[in-house]
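The structure appears right after this line, and notes come after that.
Scope of the values below: all heavy atoms of this structure, side chains included, with no hydrogens, waters or symmetry mates.
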Amino acid sequence: MVLKKLTEASGIPGQEKEVRDILKAEIDGLVDRYWVDPLGNLLAVRGDRGPRVMLAAHMDEVGLIVTHIDQKGGLRFSKVGGIEDQVLVSKRVLVGKDRLPGVIGAKPVHLQNHGEREHPIKSEDMYVDIGAKSREEAEKLAPPGTAMVFDTCYEALGERIVKAKALDDRAGCAALLEVLKEEYELTLCVAFTVQEELGLRGAGVAAYALMPDMAVVLEGTTCADTPGAEENEWSSQLGKGAVLSYMDRASVSNRRMIEEMTRLGREQGINYQFKRTTAGGNDAGRIHLTREGVPTASVSIPCRYIHSPVSVMSLDDSDSVVALVKAFLKSVEGGFLPND
Amino acid sequence: MIDLLQRLATSHGPSGDEGIIRDVISQEISKHVDEVRTDALGNLIATKRGSGGRRVMLAAHMDEIGCMLTFIDEKGYLRFSTVGGLPVHYLLARPVRFKNGLLGSVGTEKIEHIKELAVEKMFIDIGAGSRQEAEKHVSVGDLVTYFPAFYNQGTRVISKAMDDRAGCCVLIKVAEQLKDCAHDVHFCFTVQEELGLRGARTAAFALSPDVGIAVDVTTTGDTPKGITMDVSLGKGAAIKVMDESLISHPRLRQALVQVARDRGIPYQLEVLVRGGTDAGVIQISKEGIPAGVISIPCRYVHSGAEMVDTGDMQAAVNLICAYLATDLGI
Amino acid sequence: METKEFLMEIVSLNGVSGFEQPVQDAVEKHFSPLVDEIRRDALGNLIMLKKGCGKDRPRVMLAAHVDEIGLMVTRVDERGFVRFAAVGGVDQRTLPGQEVIIHGMADVLGVIGQKPPHLMSPKEREKTVPMDELYIDTGLSPDRLKEQVSSGDPITLRRKPTEMQGMITGKAMDDRAGTAVLFEVLKELARMNHWVDVYAVSTTQEEVSLGGAITSTYGIMPDLGIAVDVTHGDMQGVPEHKTYALDKGPVITQGGNIHPAIYQGLLKMAQDRSLPYQTEVAPGPTGTDAWAMQISRAGVPTGLVSIPLRYMHTSVETLALKDVINAGRLLAYFLASIDPDFMEGLKWS
């Protein structure tokens with residue numbers, strides 16, 4: 001299934017090819033034309049009548065990149081996108097196109113000084129061990145610039161819940177593909193963007209080229225409904241439906257679009273919830289400020305533990321997102337416009 | 001000027017929800033311009049046509065800082081996020097107002113020391129006893145502002161939202177005072193400046209002006225052991241040289257200084273270390289636009305008791321009108 | 001004119017971000033014989049075009065920023081000491097004891113002073129003095145000073161360049177070294193045939209906002225852009241893997257900000273021509289004009305070549321002249337080699 005294929009593919013910011021190729025194959029036949037722009041965004045258009053509605057999801061995932069090889073053959077790295085150092089220790093990664101297994105180890109407890117365990121290990125002090133016996137061997141197998149992603153496979157976790165890496169935002173990509181399976185009397189502008197995790201780099205450029213009248217961003221968003229967080233800090237909750245947000249650090253959603261989506265949600269019995277925090281940002285941040293401005297809203301799938309090796313989402317939430325976006329597009333087809 | 005300023009300052013218009021202030025401004029400015037329109041982000045653009053001169057963009061932002069409701073707990077207490085750079089300690093134990101006029105007090109969970117104060121620990125209390133009761137009056141997503149008290153003593157005015165309703169007031173007065181201007185003047189009342197100069201970006205892209213001047217407030221260096229700054233209340237319009245968002249176009253800045261000198265308009269030169277304005281994004285729009293700022297000195301910026309001097313505001317109005325009577329020097 | 005002389009001349013000039021025109025005037029003078037068209041834009045960028053030959057010529061933009069970090073007068077106090085703020089990323093610890101020039105009605109020489117050690121408490125000695133507590137001493141009386149200096153006047157660090165065992169040290173090497181690379185590129189291209197139209201841009205305000213790169217790229221609409229900037233040269237106390245050796249060649253960057261085909265193209269050219277080079281992985285923002293160029297309009301394939309520079313953002317920035325020359329040669333050969341196949345290869349497969 002496509003979400004499995006997408007989450008198990010490798011695509012750190014700037015090296016999204018594997019993911020792009022999967023998506024190209026998926027949209028072939030579903031759109032009138034598609035192309036890849038100078039940054040690597042996969043853009044597509046279907047239809048030529050009615051308002052231009054942009055649907056966006058980003059292809060890149062957070063990961064690591066080899067920066068240099070140390071004397072002993074360890075791969076020293078930088079994080080690409082925001083990852084907390086604390087989730088890196090004692091993990092497996094897949095290195096390069098050939099997906100060589102590598103490990104990020106840690107000093108055994110027996111060898112630690114008293115109190116050492118109180119302090120987190122900094123990523124600058126970590127390295128990936130691919131079992132190379134020398135610097136030269138390591139350099140040949142994984143030269144600087146090689147991408148490394150978490151070694152996590154897609155699997156079910158209980159009922160209707162799945163775990164995988166990169167749900168942010170392969171879940172959004174998969175939902176977008178699902179939405180495309182319907183017909184709409186609209187000009188659909190599809191953007192699978194690059195480098196969102198590096199600062200929303202691909203989205204603005206895509207919107208500049210597509211010139212939409214409005215945009216919907218499909219994201220995988222934080223879901224902090226876990227122990228240690230107070231109820232008002234639960235940014236979203238698993239299983240409670242598509243996440244709509246009024247505002248985050250990068251944009252204020254178009255109110256009319258949000259109001260329309262909540263109306264549709266109520267009328268059609270589609271589960272939705274409001275984001276309880278205003279932290280973070282997504283491609284909407286760049287899209288809404290392109291050219292003369294684009295009314296934009298995000299519809300997101302709650303994902304626990306995003307930006308870590310394993311994240312968790314509910315398939316029901318994904319279904320809610322798909323249903324809500326489809327209903328919204330039908331509403332635009334029927335004449336809805338986000339004018340104030 | 002004071003009446004207009006009061007109407008503007010006490011109107012509700014936090015970033016992202018500028019509807020009410022936009023209507024107020026639209027009503028005030030319509031009679032002085034040829035055309036008024038609203039763009040995709042909600043910017044209000046009022047145009048006064050000239051007679052074949054240059055395209056001038058004047059920008060003042062309509063939005064003010066505030067808070068947005070994120071969660072209503074079962075006892076009816078309201079949790080929130082700040083919208084724009086609102087220092088949370090300015091809110092503690094102060095009244096705030098909703099769009100519909102409802103008032104609330106701001107409280108905090110118990111803390112040992114003021115250093116522990118954080119927005120996650122704070123809440124707004126509207127006196128509802130339960131979630132159901134609260135939901136009858138407010139919803140998640142509602143925006144609040146400082147309680148709108150407005151006082152003036154002679155030319156000194158104390159109120160919320162002088163940032164940047166004072167600038168909006170100056171623009172409206174310019175529209176009123178400007179006669180026979182050769183240039184096409186676009187008065188842009190922008191949205192979401194407090195969130196990162198957002199409205200100005202798209203407004204400038206659409207207008208492609210020949211020159212852009214923002215009118216916003218700036219801080220002063222004239223309070224006890226205050227920041228190192230040469231700007232004082234009551235010493236005239238401040239002509240900006242540099243802030244975090246831009247270095248003013250030198251010829252534009254020099255032209256403004258020359259006009260001020262020639263016409264005897266009180267002015268001061270401004271270097272602001274922390275803070276930016278709409279001019280920052282106007283300057284880098286498309287192929288670049290000569291941009292600058294005329295600032296209104298303001299003490300206690302981003303509090304509920306910002307202080308300006310209407311003499312400085314009038315100087316700003318006079319300076320802009322006088323400048324627009326020239327060939328702009330660019 | 002030799003590239004070394006050009007570099008020594010332009011780093012001696014004063015051009016803090018926002019006030020670059022004196023340097024742009026010198027750049028224009030020296031580049032005029034090497035290009036076909038010159039214009040300046042609203043932000044003071046100097047855009048110089050050397051036309052290529054052939055049909056459907058792609059537009060290639062090279063950018064090096066001409067602004068230097070510096071200071072600005074915030075106020076002149078009652079006793080005649082000048083207070084200031086930073087323009088760009090200035091480390092306040094590099095300032096005490098530095099000579100400066102305040103560019104007011106006339107150029108006024110000053111010294112940044114600090115409390116003598118004898119009068120400092122142990123606690124004070126442990127902390128660096130924040131920028132707004134430092135001051136410039138000009139020796140002038142407050143009245144004389146106020147005639148010449150006002151708020152908003154730019155201030156440059158006073159430092160003339162000098163040679164040091166084959167290295168060159170001075171202020172503003174970041175990024176006038178890049179400007180010198182562009183000079184070398186155009187001198188080489190004068191003797192070569194090339195298909196592409198080359199837009200050599202001396203950009204402004206990189207240190208504060210990348211504003212020059214943003215507007216110039218928008219205006220030029222290049223098909224390909226390469227920024228030429230500086231990167232960290234090796235020094236004691238900084239891990240080796242974060243810096244580059246001097247005199248071992250310019251640094252070619254790869255990463256999200258860089259189009260892979262441009263990285264590969266530059267790498268291959270260096271190898272084919274046996275030019276010394278080093279490589280760098282930049283996982284995110286490169287902190288250069290390339291960051292702005294890449295997302296102009298509908299996107300621009302971008303590259304970055306950097307000169308290793310020790311002690312960046314001080315008045316003793318140090319580099320190896322040979323790295324500047326080699327960077328110039330590498331870029332000239334690369335630009336001359338761009339053909340339709342290469343442009344086709346920019347498309348993502």
Side-chain angles (χ1 to χ4, degrees), chain A residues 51-52 200 204 207-208 211-215 224-225 228-237 243-259 261-262 272-281 284-297 337-340, chain B residues 14-19 22-23 37-45 63 66-75 77-84 109 118-123 131 139-143 190-192 194-208 281 285-286:
Chain A
R52 295 176 72 83
L200 322 177
Y208 188 98
M211 292 190 280
D213 297 311
M214 69 188 92
D225 61 342
E230 297 293 329
E231 221 194 322
N232 60 294
E233 292 170 326
W234 293 353
S235 45
S236 65
Q237 291 177 260
V243 181
L244 299 174
S245 119
Y246 284 112
M247 179 184 300
D248 62 27
R249 287 275 169 274
S251 69
V252 175
S253 295
N254 180 279
R255 278 259 157 172
R256 286 284 297 119
M257 287 172 72
I258 299 286
E259 279 161 12
M261 289 185 194
T262 54
Y272 66 90
Q273 50 179 316
F274 281 101
K275 196 113 180 271
R276 287 185 191 166
T277 56
T278 54
R286 279 293 163 99
I287 295 171
H288 84 297
L289 293 179
T290 305
R291 290 186 191 251
E292 302 183 12
V294 180
T296 308
L337 287 172
N339 295 325
D340 222 346
Chain B
S15 309
D17 193 19
E18 299 93 343
R22 182 168 47 244
D23 287 341
R37 66 176 180 89
T38 302
D39 80 0
L41 246 67
N43 294 312
L44 180 72
I45 299 156
D63 61 310
C67 306
M68 186 182 90
L69 294 198
T70 52
F71 178 73
I72 302 173
D73 79 12
E74 41 176 30
K75 297 236 176 82
Y77 291 102
L78 317 174
R79 298 285 174 159
F80 61 91
S81 276
T82 54
V83 174
E109 297 165 11
V119 70
E120 297 83 30
K121 297 198 168 82
M122 299 169 75
F123 49 86
R131 177 178 280 145
S139 327
V140 164
D142 281 357
L143 287 134
T190 60
V191 297
Q192 299 183 37
E194 298 287 2
L195 294 180
L197 320 177
R198 295 186 189 162
R201 197 182 296 255
T202 56
F205 190 98
L207 281 175
S208 287
V281 292
S285 180
K286 294 194 180 166

Proximity breakdown for [X] and chain A, heavy-atom pairs closer than 4.5 Å:
{"X": "B/Leu197", "answer": "neither"}
{"X": "B/Ser15", "answer": "backbone"}
{"X": "B/Glu120", "answer": "both"}
{"X": "B/Arg198", "answer": "both"}

A/Tyr246: side-chain contact (heavy atoms from CB on, under 4.5 Å) partners, not counting sequence neighbours: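 Result, side-chain contact (heavy atoms from CB on, under 4.5 Å) vs A/Tyr246: A/Arg255, A/Ile258, A/Phe274, B/Met68, B/Val140.
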Using the test side-chain contact (heavy atoms from CB on, under 4.5 Å), find all partners of B/Val191 that sit at least two apart in sequence or belong to another chain.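 B/Val191 satisfies side-chain contact (heavy atoms from CB on, under 4.5 Å) with B/Glu18, B/Arg22, B/Leu41, B/Asn43, B/Met62 once adjacent residues are dropped.
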Is A/Glu230 close to B/Arg79 at the side-chain level, that is, under 4.5 Å between some pair of heavy atoms?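 Heavy-atom side-chain distance check fails, nothing below 4.5 Å.
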Where is the tightest heavy-atom contact between [X] and [Y], given as atom of each residue plus distance?
{"X": "B/Ala40", "Y": "A/Gly293", "value": "CB-O, 3.7 Å"}
{"X": "A/Arg291", "Y": "B/Phe205", "value": "O-CB, 3.3 Å"}
{"X": "B/Ser81", "Y": "A/Thr278", "value": "OG-OG1, 2.7 Å"}

Working to the nearest 0.5 Å, report the span between [atom1] of [X] and [atom2] of [Y].
{"X": "A/Thr290", "Y": "B/Arg201", "atom1": "OG1", "atom2": "CZ", "value": "9.5 Å"}
{"X": "A/Asn232", "Y": "B/Phe80", "atom1": "CG", "atom2": "CZ", "value": "10.5 Å"}
{"X": "A/Asp248", "Y": "B/Leu195", "atom1": "CG", "atom2": "CG", "value": "10.0 Å"}

As an exercise: rank A/Met214, A/Glu233, A/Arg249, A/His288 by heavy-atom pairs under 4.5 Å with chain B and give me the winner.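 Of the options given, most contacts go to A/His288.
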